[in-house]
Chemist: 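Quick one: the structure is below, questions incoming.
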Amino acid sequence: MSDVGYIAAAWSATAAVLAAYVVRVAVRTRHARRSLPDDDPRR
Amino acid sequence: MTAAKPPDNGHRRGVASLPTNPRLLPRRVSVVLGWSTLAALALLTLFGLWGAPPDAVQGDAQRIMYLHVPAAWLAYLAFTVTSVASLLYLWPRTRSTVWDLLAGASAELGVVFTGLTLLLGSLWGRPVWGIWWAWDARLTTTAVLFFLYLGYLSLRRIPASVETRAKRCAIAALIAFVDVPVVHLSVNWWRTLHQQATVFNPELNPRIHGVMAFTLWLGVVAFTLVYVYLLDRRYQLAVLEEDLEERELDAAIAQRVAEAPSPRPAGVHS
Amino acid sequence: MTTTTSRKPRRLRYGIAAAVCVAAVGALLVGGLSRNLVYFRTVSEAVKARDSTGSHRFRIAGAVKPGTVEQSSKGVRFVLTDGKAEAEIDHTGDPPQLFKDGAPVVCEGHWGRGLVFLSDRIMIKHGADYTPPKVNLTHSPGQTS
Amino acid sequence: MNLLRELWVVTAKDLRIEARSRVTIGQVLPFGVIVLLLFAFALDPDRGILPRVAPGLFWVAVLLAALLAVSRAFALEEANGARDGLRLSGLDTGAMFLGKALAVAIQLFVLEVILGAGVVLFYDLTPRAAEVLVPAALAATVGLAAAGTLYGVLAAGLRVRETLLPLLLLPVVAPVMLGATRAFEAGLGLNGAPGEAWPWVEMLGLFALIYTTLGFLAFGPLLEEA
């Protein structure tokens with residue numbers, strides 16, 4: 001693998017980790033919000 | 001005291017002890033922060049891949065530094081926040097659910113970014129050192145750090161009364177934090193394959209050329225924004241899930257109480 | 001557990017324990033920790049300990065002496081130096097891409113006959129200085145930023 | 001002085017239970033020996049490698065056995081509300097920690113002696129430089145016992161204790177593994193001279209001191225609300 005390959009791998013790994021984490025948190029937040037009753041102040 | 005109300009014996013948090021506002025930052029600030037983070041990351045990519053010159057010795061492979069060093073910085077920052085929050089939880093006067101949840105949220109980010117640091121370091125090491133992994137002091141202590149906080153995260157998920165869990169987690173977090181300065185200073189204490197700190201070196205004299213230094217600082221700023229944004233989101237999630245869990249428990253207890261023949265429930269709590 | 005009578009000694013105890021911890025960590029830093037946990041030995045250290053090392057594996061670090069690199073049937077041979085001592089490296093396998101004259105390297109292997117080190121892995125050890133290729137070398141990188 | 005007496009009460013209690021139940025000798029020790037045998041099976045065809053890596057294998061076996069011993073030390077307190085009894089005994093919590101850690105350390109040291117004999121026997125190793133090996137083993141044992149007891153109480157009383165304890169404890173005691181292995185390698189003349197072991201022994205001693213102090217402080221708060 002050339003330098004370009006390693007750099008591309010590093011950048012895409014970072015993007016993938018960040019995106020996966022954001023999506024996971026967003027999905028769980030959405031799920032938790034939906035499950036809470038309407039009168040909950042935290043909703 | 002009515003029978004329908006579960007006895008409050010400190011084993012449970014109760015929804016009331018949770019912060020009413022699950023956000024660390026106002027909604028609008030969070031949105032703006034999210035977009036600025038994205039912009040900063042885009043700018044970092046621009047400078048990291050094209051703006052900064054290749055290194056005289058390491059060539060283009062050195063560009064991985066612009067992600068690797070900020071990721072490591074974020075991990076340090078996250079574990080520091082975890083420790084401060086744990087300390088505030090243990091201190092009786094400031095004891096609050098907020099600190100416990102914040103410590104957990106921050107530690108999770110720390111683990112994710114320690115893992116990313118190891119991965120990026122490996123991708124840097126292969127072209128530059130010639131190997132993916134070396135058992136030198138910096139790499140080994142970082143791997144230990146990763147597993148220490150992985151253990152902490154499992155400790156957070158244990159089924160136990162909330163007070164017990166929060167207290168044990170806070171103590172575990174403080175013990176684990178001992179490794180953070182060891183990781184940072186390992187390259188100065190021991191002779192390692194890993195290079196010494198460029199920016200936060202003991203002489204406090206960054207040994208790095210202008211545009212490269214700017215790009216590195218840009219990376220640190222961008223990743224700090226990433227941290228603040230994600231911490232806000234993760235903390236909010238922690239509050240919501242805690243709330244949900246308490247409500248489910250309340251519902252389960254209420255159901256048990258309704259089923260019970262005697263008005264005084266015995267042993268509804270663990 | 002904590003009765004009012006045991007409060008005071010307990011606070012004293014926390015103080016003493018904290019002091020012990022700080023002292024221990026201090027001793028760890030100031031004391032011998034730097035002596036062990038070395039990832040590699042310098043050429044002069046390795047040459048000095050040549051007789052007691054036998055054929056044990058260890059890592060040796062130095063710079064590739066310019067003009068000494070030659071291809072061998074198994075890989076490369078070159079002279080490693082740290083300015084004070086020299087050792088000949090007989091390496092098996094391909095050297096990494098950044099391997100060249102003057103490169104700072106760490107070799108893993110063991111002593112063969114005399115001061116010939118039989119290496120089977122070369123790693124490039126970089127410093128913490130980063131400069132673009134065109135900065136002239138009379139200009140110290142520390143002053144540029 | 002009071003502290004020492006209270007400490008010994010706890011140690012004596014744990015050792016007495018061990019003397020009657022024989023769990024460490026009857027179960028943990030055979031486990032350690034089996035681990036040594038497994039290493040031998042795995043590495044035997046490669047003649048000569050076993051004696052060279054013996055210190056590392058020995059300490060891995062000790063570490064795995066230590067996990068079981070620590071687990072056992074806190075399993076003692078689970079049944080019949082023994083922990084409440086301990087908590088209400090009025091003993092000093094610091095003394096309790098030191099007592100339990102000492103009991104674990106004594107058992108571990110006995111294990112090490114027997115496993116060490118096993119290593120000499122199975123791995124064809126000549127023991128020497130006892131004046132280096134014994135202090136190194138003592139320091140490592142105290143460090144293992146202190147860190148183990150601290151994390152043992154951290155995981156005590158939890159339903160997932162058995163699986164959680166190794167995950168929490170192993171990264172923490174990684175430096176003990178490293179230090180003890182290097183000290184033994186130097187002491188046995190496998191890598192360097194016996195004198196090179198002393199910096200490692202120093203490091204092991206400081207590790208033991210730090211974790212003993214941390215445990216001494218944290219044991220009370222950890223036990224009180226558990």
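Lettering follows sequence order; numbering is per chain, from 1.
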Chemist: Do B:Asp60 and B:Arg63 meet the salt-bridge criterion of a basic N to acidic O distance under 4.0 Å?
Modeler: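 A salt bridge is present here (some side-chain N lies under 4.0 Å from a carboxylate O).
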Chemist: Between B:Arg126, B:Gln62, B:His68, B:Glu108, who has the most heavy-atom pairs with chain A when the cutoff is under 4.5 Å?
Modeler: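 Max contact count across the listed options: B:Glu108.
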Chemist: Between B:Thr45 and chain A, which part of the residue has a heavy atom less than 4.5 Å away: side chain, backbone, both or neither?
Modeler: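 Both backbone and side chain of B:Thr45 come within 4.5 Å of chain A.
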Chemist: Under the 3.5 angstrom rule, does the side chain of B:Ser106 hit a backbone N or O of B:Val81 as a donor-acceptor pair?
Modeler: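 It does not hold such a pair.
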Chemist: Should the ring pair B:His194 and B:Trp129 be called parallel, tilted or perpendicular, given that the plane angle runs from 0 to 90° and is split at 30 and 60?
Modeler: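 Aromatic pair B:His194/B:Trp129 classed perpendicular.
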Chemist: Name the region of B:Val128, side chain, backbone, both or neither, that has any atom closer than 4.5 Å to a heavy atom of chain A.
Modeler: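 Neither; nothing under 4.5 Å.
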Chemist: Counting only non-hydrogen atoms closer than 4.5 Å, does B:Leu120 touch chain A with its backbone (N, CA, C, O), its side chain (CB onward), both, or neither?
Modeler: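 Side chain of B:Leu120 only, per the 4.5 Å heavy-atom cut-off to chain A.
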Chemist: When A:Val27 is tested against each of A:Thr29, A:Val25, A:Val23 for side chain to side chain contact (heavy atoms under 4.5 Å, CB included), which residue passes?
Modeler: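 When side chain to side chain contact (heavy atoms under 4.5 Å, CB included) is applied between A:Val27 and each of A:Thr29, A:Val25, A:Val23, only A:Val23 qualifies.
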Chemist: By a 4.5 Å heavy-atom criterion (distance strictly below it), what part of B:Leu109 contacts chain A: side chain, backbone, both, or neither?
Modeler: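 When you check distances to chain A, atoms from both the backbone and side chain of B:Leu109 fall under 4.5 Å.
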Chemist: Charged N to carboxylate O under 4.0 angstrom, B:Arg156 versus B:Asp100?
Modeler: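 Salt bridge: yes.
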